[in-house]
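Read through the structure below, which is laid out as structure tokens, and then see the notes.
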Amino acid sequence: MSTDALRRFDDVNAVAAGFLRDLAYAQTSEPKMFGYKRAAAAVLALEQPLTNLAGPGRNLARIPGIGPASERVILEVLESGTSPTADAAVARSDRAADIARRRTLRGHFLSRAEVLRILRDPRFDGPTHGDYHGDLQMHSEWSDGSPTLGDIAEACLARGYTYAAVTDHSHGLKIAGGMSMAEASAQHQAIERLNERYNGRFRMIKGIEANIGADGRLDLSADEAACFELVLAAPHSKLRRSEDQTARLVAAVATPGVHVLAHPRGRITGSRAGVVAEWDAVFAAAVEHGVAVEIDGDPSRQDLDFTMAERALAAGCIFALDSDAHTTSQLAYAETALAHARLAGIPPERIINCWTTERLLDWLAS
Ligand SMILES: [Zn+2]
């Protein structure tokens with residue numbers, strides 16, 4: 001079957017969650033708004049499509065987070081693909097324009113159930129669980145994450161990884177608890193002790209998520225960047241501008257020492273579109289400088305998505321597939337990235353997380 005035919009999926013959970021979010025923004029009462037938002041989040045996190053969970057003798061409202069009002073919307077979507085209840089509430093509200101804008105910012109986001117379906121479907125080319133050896137973006141207690149380095153190592157081993165990079169924020173991103181260079185050096189000593197303890201069974205990589213400034217410069221000097229084994233560069237500001245920012249991203253990937261352009265757009269589902277750029281020029285620059293582009297698997301990011309990843313693949317890019325986890329349970333977000341890579345048909349050979357420890361470390365050092 002062609003990829004196009006395979007892609008004509010109906011991600012019913014994403015559709016239903018979209019209507020629940022519309023309904024949330026149409027509310028004037030805060031508790032009701034939060035109720036519908038909670039229901040949308042619960043639907044997006046389900047491991048099965050709603051079609052399997054509804055029907056005779058079943059009760060969707062028994063699913064935590066989904067109340068009777070949300071259940072009615074879901075049943076409408078299952079029956080007709082749309083929700084007259086949500087549409088009417090949006091029309092009655094004074095927020096129709098804002099809700100219409102938010103709808104345009106939900107494109108190419110996959111629900112958890114759809115991610116799992118894509119991972120199971122053998123008709124897709126692209127990486128499987130077994131090809132994936134380690135996650136290269138995550139955050140620990142050293143910046144805005146919660147786990148300790150030891151928690152991360154154990155959680156990664158439990159997922160069958162042989163390596164993982166801890167990529168806490170660098171000092172320029174104070175809002176995310178960015179590490180000073182003194183803290184980074186203390187973290188590196190802790191990582192070295194940890195690697196000694198695991199004695200080859202697991203390799204933790206000393207990473208950093210550097211911030212790309214408005215002018216494309218990183219918040220790390222070249223000397224500082226050289227202290228890390230893996231440098232991600234990612235935009236965290238000016239993500240709601242409509243002007244072109246190609247030059248900013250090209251400057252970032254051309255910076256010596258950068259390995260990965262992480263969450264390249266900085267989009268957030270239903271909230272912001274992220275950086276506007278001539279992406280083919282950005283991807284060409286990434287190829288020229290040997291920088292991998294990331295598929296960030298955080299469900300609210302999914303950045304790059306499969307349509308953009310396909311363009312990056314055609315440009316000749318290599319990829320990093322990461323969870324961007326801030327807790328150990330969020331390591332499962334790497335599966336969202338794997339699903340997009342499968343939809344885009346990226347061969348494992350082009351994904352740095354599918355390389356052996358030795359090959360990855362060689363590439364990082366070169
Ligand atoms: Zn980030």
Side-chain angles (χ1 to χ4, degrees), residues 105 109 134-147 152 164-181 183-184 187 205-220 224-225 228-241 245 248-249 251-253 255 257-277 279 282 286 291-305 308-309 312 319-334 336-337 340 352-353:
L105 299 174
F109 280 91
D135 197 328
L136 300 173
Q137 184 184 173
M138 69 189 70
H139 301 265
S140 77
E141 60 173 356
W142 289 76
S143 68
D144 59 347
S146 58
I152 288 173
V166 175
T167 56
D168 283 304
H169 292 282
S170 55
H171 51 71
L173 208 62
K174 296 275 183 294
I175 193 170
M179 286 191 297
S180 67
M181 289 308 293
E183 286 167 324
Q187 187 191 49
I205 294 168
K206 299 167 191 161
I208 190 82
E209 182 179 358
N211 185 42
I212 304 175
D215 57 1
R217 280 201 294 210
L218 302 192
D219 62 340
L220 288 181
E224 288 170 347
F228 300 91
E229 292 177 294
L230 166 67
V231 177
L232 312 181
H236 297 97
S237 62
K238 303 217 171 355
L239 305 175
R240 295 175 189 271
R241 301 290 173 91
Q245 300 191 57
R248 178 189 186 193
L249 295 184
V253 299
T255 307
V258 170
H259 298 96
V260 176
L261 176 62
H263 54 74
R265 278 186 291 183
R267 72 171 186 162
I268 296 291
T269 185
S271 166
R272 66 180 191 226
V275 169
V276 173
W279 287 100
V282 175
V291 169
V293 292
E294 189 186 59
I295 300 180
D296 185 310
D298 180 322
S300 67
R301 292 187 180 275
Q302 307 197 27
D303 177 14
L304 303 172
D305 66 57
M308 298 281 288
F319 295 84
L321 271 47
D322 304 323
S323 67
D324 199 350
H326 289 66
T327 67
T328 51
S329 64
Q330 290 176 356
L331 290 170
Y333 293 171
T336 315
H340 280 280
I352 64 174
N353 319 65

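One-based numbering along the sequence shown. Read the numbers this way: they start at 1 and go in the same order the structure lists the ligands and their atoms. The model shown is predicted, which means the values in this text are computed figures rather than measured ones.
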Is [X] reaching over with its side chain to a backbone N or O of [Y], donor-acceptor style, under 3.5 angstrom?
X      : Y      : answer
Ser143 : His169 : yes
His171 : Gly178 : no
Glu294 : Ala320 : no

Problem set entry | Option among Thr167, Leu230, Val166, Asp135 that satisfies the side-chain contact (heavy atoms from CB on, under 4.5 Å) test with Ile205 | Leu230
Problem set entry | Opening angle between NE2 in His263 and NE2 in His236, taken at the Zn ion (ligand 1), to 10 degrees |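 With the Zn ion (ligand 1) as the vertex, NE2 (His263) and NE2 (His236) sit 100° apart.
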For this session: Output yes if His169 passes the N/O/S-under-2.8 Å test against the Zn ion (ligand 1); output no otherwise.
Result: no
For this session: Please state whether the separation between the Zn ion (ligand 1) and some N/O/S atom of Glu209 is under 2.8 Å?
Result: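 Coordinating: yes.
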